[in-house]
Amino acid sequence: MLDVQNLSLHYGGSQILHDVALTAEAGKVTCVMGTNGVGKTSLLKAICGAHPRSSGTMMLDGEDVGRANSDVLAKKGVGVVPQGRMIFPLLTVKENLETGFACLPKSEHHIPDEVFELFPILKDFLHRRGGDLSGGQQQQLAIARALIIKPKLLLLDEPTEGIQPNIIQQIGRVIALLRDRGDMAIVLVEQYFEFAYDLADQLVFMERGRVTSTHDKADITKEEAAKVFRIA
């Protein structure tokens with residue numbers, strides 16, 4: 001579903017990413033791991049078109065998308081759950097979800113029942129303002145909003161950050177359900193090792209803007225992965 005090769009990224013005069021290669025398959029979770037500041041969020045921004053890459057190629061579902069911006073990539077099926085959630089605090093839950101309609105034809109301007117099956121609390125709070133939700137509820141809303149566009153590729157940036165344990169468990173179950181449907185590739189950036197390892201089908205470790213190693217989960221034990229994570 002996603003094939004990125006030789007991706008480099010600059011902010012001003014500083015190079016943030018160096019020749020990154022990353023693939024993500026439909027029906028699998030690819031976890032990108034590493035300490036703060038290694039370029040994980042920058043990588044997601046480059047993939048979703050929020051920050052234009054300096055060089056490299058990106059194929060999405062077999063199509064070379066060039067240097068398409070985030071609007072174009074969203075319409076091609078790239079859904080993003082950004083770090084910090086970035087919901088609209090003055091809009092209601094319903095209005096936040098409806099912002100995803102901009103990427104869809106008018107005939108599909110409706111909120112799928114699946115959204116409320118995955119996140120029942122959102123149906124109860126449909127007319128509550130986003131800013132009045134708890135952090136965990138806002139994270140559920142951010143994921144649900146990304147699902148509105150029926151993504152082929154779902155990018156999640158630190159979905160457990162600042163979230164209470166019971167909501168983390170629910171988010172983990174939702175990610176697993178989405179993976180098991182088999183029609184979506186999921187790229188997960190996460191610092192919570194246990195959460196990431198349990199969900200991962202592929203583990204990608206980064207250090208100083210570079211991918212240092214990539215492993216199928218079947219080929220690396222939890223103890224080995226934890227050791228690499230601490231090094232990274």
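Keep in mind that what you see is a predicted model, and the values were worked out from it rather than measured. Throughout, numbering of the chain's residues begins at 1 and tracks the sequence.
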Task: Side-chain touch S134/Q164, heavy atoms, less than 4.5 angstrom - done: yes
- [ ] Test V211 against L22 for side-chain contact (heavy atoms from CB on, under 4.5 Å), laying out the working first.
- [x] CA-CA 8 Å; V211 170; L22 178 77; 5.8 Å; no
Open item on the list: Less than 4.5 Å apart, side chain to side chain, heavy atoms only: is that true for V187 and V32?
Closed with: yes
TODO: Check the angle between the aromatic planes of Y11 and H51 and answer parallel, tilted or perpendicular using the 30° and 60° thresholds.
DONE: perpendicular
Task: Nearest-0.5 Å distance, CG of residue D3 to CG of residue L60 - done: 10.5 Å
Open item on the list: Taking NZ in K75 as the centre, count heavy atoms belonging to other residues, nucleotides or ligands within less than 6.0 Å. Is the count above 12?
Closed with: no
- [ ] Report yes or no: do S8 and H18 form a side-chain donor-acceptor pair below 3.5 Å?
- [x] no
Open item on the list: Under 4.5 Å between side-chain heavy atoms, counting indirect links through other Ile/Leu/Val/Met/Phe/Trp/Tyr residues: same cluster for L118 and I175 or not?
Closed with: yes
Open item on the list: side-chain contact (heavy atoms from CB on, under 4.5 Å) for Q140 and Q170? Distances and angles first, verdict last.
Closed with: CA-CA 9 Å; Q140 292 176 77; Q170 182 184 3; 3.2 Å; yes
- [ ] Using the side-chain contact (heavy atoms from CB on, under 4.5 Å) rule, pick out the option among V189, L43, T212, T30 that qualifies with V204.
- [x] T30
Task: Shortest non-hydrogen contact from C48 toward V80 - done: CB-CG2, 3.6 Å
Open item on the list: Measuring from atom NZ of K40 to atom CG of L17, what distance do you get when rounded to the nearest 0.5 angstrom?
Closed with: 11.5 Å
Open item on the list: Quick check on the hydrophobic clustering: are V115 and F88 connected, directly or via other members, by side-chain heavy-atom contacts under 4.5 Å?
Closed with: no
Task: Close side-chain approach of T23 to V4, heavy-atom, < 4.5 Å - done: no
Task: From CD1 (I111) to CZ (R145), nearest 0.5 Å - done: 12.5 Å
Task: Check: H10 side chain, S54 main-chain N or O, donor-acceptor pair, under 3.5 Å - done: no
Open item on the list: Are Y197 and L188 linked, directly or through intermediate hydrophobic residues, by side-chain heavy-atom contacts shorter than 4.5 Å (ILVMFWY only)?
Closed with: no
- [ ] Indicate yes or no for a side-chain donor-acceptor contact from R179 to the backbone of M184 under 3.5 Å, with no hydrogens or angles considered.
- [x] no
Task: Result of checking L7, D64, V65 against M58 for side-chain contact (heavy atoms from CB on, under 4.5 Å) - done: V65
Task: Shortest non-hydrogen separation from Q137 to I121 and the atoms involved - done: NE2-CG1, 4.2 Å
TODO: For residues 146-169, pull every pair meeting salt bridge (charged side-chain N to carboxylate O under 4.0 Å, His left out), keeping only residues two or more places apart or in separate chains.
DONE: D61-K152, E108-K150
Task: Shortest non-hydrogen contact from L133 toward V93 - done: CD1-CG2, 3.8 Å
Open item on the list: Tell me if the CE atom of M86 is crowded by more than 12 foreign heavy atoms within 6.0 Å.
Closed with: no
Open item on the list: Could you check whether K28 pairs with E25 (Lys NZ or Arg NE/NH1/NH2 to Asp/Glu carboxylate O, under 4.0 Å)?
Closed with: yes
TODO: Check whether more than 12 heavy atoms from other residues, nucleotides or ligands sit under 6.0 Å from atom NZ of K217, and answer yes or no.
DONE: yes
Open item on the list: If I compare all heavy atoms of D201 with all of G27, which pair ends up nearest, and what's the gap?
Closed with: OD2-O, 4.3 Å
- [ ] Measure from the side-chain N and O atoms of Q169 to the backbone N and O of N166, and report whether any donor-acceptor pair falls under 3.5 Å.
- [x] no
Open item on the list: When you compare the side chains of N96 and E98, does any donor N or O come within less than 3.5 Å of an acceptor on the partner?
Closed with: no
Open item on the list: Nearest 0.5 angstrom please: L97 CG to T92 OG1, how far?
Closed with: 8.0 Å
- [ ] Using a 4.5 Å cut-off on heavy atoms from C-beta on, say whether the side chain of V72 contacts that of N69.
- [x] yes
Task: Heavy-atom side-chain contact between E114 and L177 under 4.5 Å - done: no
Task: Aromatic centroids of F205 and H215 separated by under 6.0 Å - done: yes
Task: Partners meeting side chain to side chain donor-acceptor pair (under 3.5 Å) with T160 (sequence neighbours left out) - done: E190
TODO: Determine whether the side chains of N36 and Q191 contain a donor N or O and an acceptor N or O closer than 3.5 Å.
DONE: yes
Open item on the list: Checking the side chain of D216 only, and the main-chain atoms of A218 only, is there a donor and an acceptor separated by less than 3.5 Å?
Closed with: no
Open item on the list: Strictly distance-based, threshold 3.5 Å: is any side-chain N or O of Q139 a donor or acceptor partner for the main-chain N or O of G84?
Closed with: no
TODO: Decide yes or no on side-chain contact (heavy atoms from CB on, under 4.5 Å) for M59 and L2, but give the supporting numbers first.
DONE: CA-CA 6 Å; M59 305 289 290; L2 175 71; over 6 Å; no
Task: Exercise: identify the closest heavy-atom pair between V38 and M206 - done: O-CE, 3.6 Å
Open item on the list: Contact between L203 and M33 at the side-chain level, heavy atoms closer than 4.5 Å - yes or no?
Closed with: yes
Open item on the list: Nearest 0.5 angstrom please: I87 CD1 to L141 CG, how far?
Closed with: 6.0 Å
- [ ] First locate atom CG of L199, then atom CD of E194, and finally report the distance between them rounded to the nearest 0.5 Å.
- [x] 11.5 Å
